[in-house]
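Here the structure comes first, spelled out in structure tokens, and everything after it is commentary.
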Amino acid sequence: METSLIILKPDAVQRGLMGRIITRFEEKGLQVVGAKLMKISPELAAQHYKDHVSKPFYPGLVKFMTSSPVMVLAIHGNGAIAVCRNLMGATFGSKAAAGTIRGDFGVSNSFNLIHGSDGPEAAARELALFFGKGEVLEFARAGDAWVYDMSSGTAE
Ligand code: IDP
Ligand code: MG
């Protein structure tokens, strides 16, 4: 079981796509275990995107991410980090496959609607950046008995 940090970027919030994007995760069987609307500060954007600081698109990326509120989500489930990346699609909206979030809802290469952690280490780091203690919940869903095969004692 994994938890991924997802950000619905300013374009997703402004375009009224939050609900439709969250629905994709819920329909897949993943669980929303944290959610909040917030405005990202330049300092937080810099920490979050520290690996991209030398890239030519970095200044524009920070400007975009701090320009308007975002929704941050903690998404939990079996292999959630890779599952979320697959649901998101390729980085550029113009290249992302149809059926993915980026492929279906956008065509821009920089306004690409959504961020998702790219591995377990990044997920742990990013969840700690965006969520305080007690903001990511652990709770059972009644329907999980039909989302996962629990006959062996672990989720399959
Ligand atoms: P990812 O979001 O799919 O993991 P990264 O390569 O980590 O993609 O880039 C982080 C973000 O920076 C992208 O989601 C996108 O918003 C922006 N970005 C990446 N490459 C470019 C580019 O070539 N031009 C403009 N923006 C870019
Ligand atoms: Mg990335």
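Quick note: numbers below take in every heavy atom, side chains included, and nothing from hydrogens, waters or symmetry partners. Every number for a ligand or one of its atoms is a count from 1 in the order of the listing.
Two rings, from Tyr58 and Tyr49, have their centers 6.0 Å or more apart.
Ligand 1 lies less than 4.0 angstrom from a heavy atom belonging to Leu61.
Remark: ligand 1 atoms within the under-4.0 Å shell around heavy atoms of Phe92 are 20 (N), 21 (C), 22 (C), 23 (O). Applying the 4.0 Å criterion to heavy atoms of Ser110 picks out, from ligand 1, the atoms 16 (O), 25 (C), 26 (N). With ligand atoms numbered from 1 in the order given, ligand 1 contributes 1 (P), 2 (O), 3 (O), 14 (O) to contacts under 4.0 Å with heavy atoms of Arg102. Each of the atoms 5 (P), 6 (O), 7 (O), 9 (O), 10 (C) of ligand 1 lies under 4.0 Å from some heavy atom of His52.
The residue from Met65, Lys55, Arg85, His115 that puts a heavy atom closest to atom 4 (O) of ligand 1 is Arg85.
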* **Candidate pair Val72 and His115, rule side chain to side chain contact (heavy atoms under 4.5 Å, CB included), full reasoning** => CA-CA 9 Å; Val72 290; His115 165 84; over 6 Å; no
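Contact annotation: for Thr91 versus ligand 1, heavy atoms closer than 4.0 Å belong to both the backbone and the side chain. Here Met88 has no heavy atoms under 4.0 Å from ligand 1, in either its backbone or its side chain.
With hydrogens and angles disregarded, a donor-acceptor distance shorter than 3.5 Å links the side chain of Ser117 to the backbone of Leu5. For Arg102 (side chain) and Asn112 (main-chain N/O), a donor-acceptor pair under 3.5 Å exists by modelled atom type.
Scanning the protein for heavy atoms near atom 20 (N) of ligand 1, the closest one is Phe57 CE2, 3.3 Å. Closest to atom 13 (C) of ligand 1 among all protein heavy atoms lies Asn112 ND2, 3.5 Å.
Phe64 and Phe111 have parallel rings, their planes meeting at less than 30° on a 0 to 90° scale where 60° marks the start of perpendicular.
Between the side chains of His76 and Glu138, no donor N or O sits under 3.5 Å from an acceptor N or O.
Here the closest non-hydrogen pair linking Gly99 and Asp104 is N-OD1, 2.7 Å.
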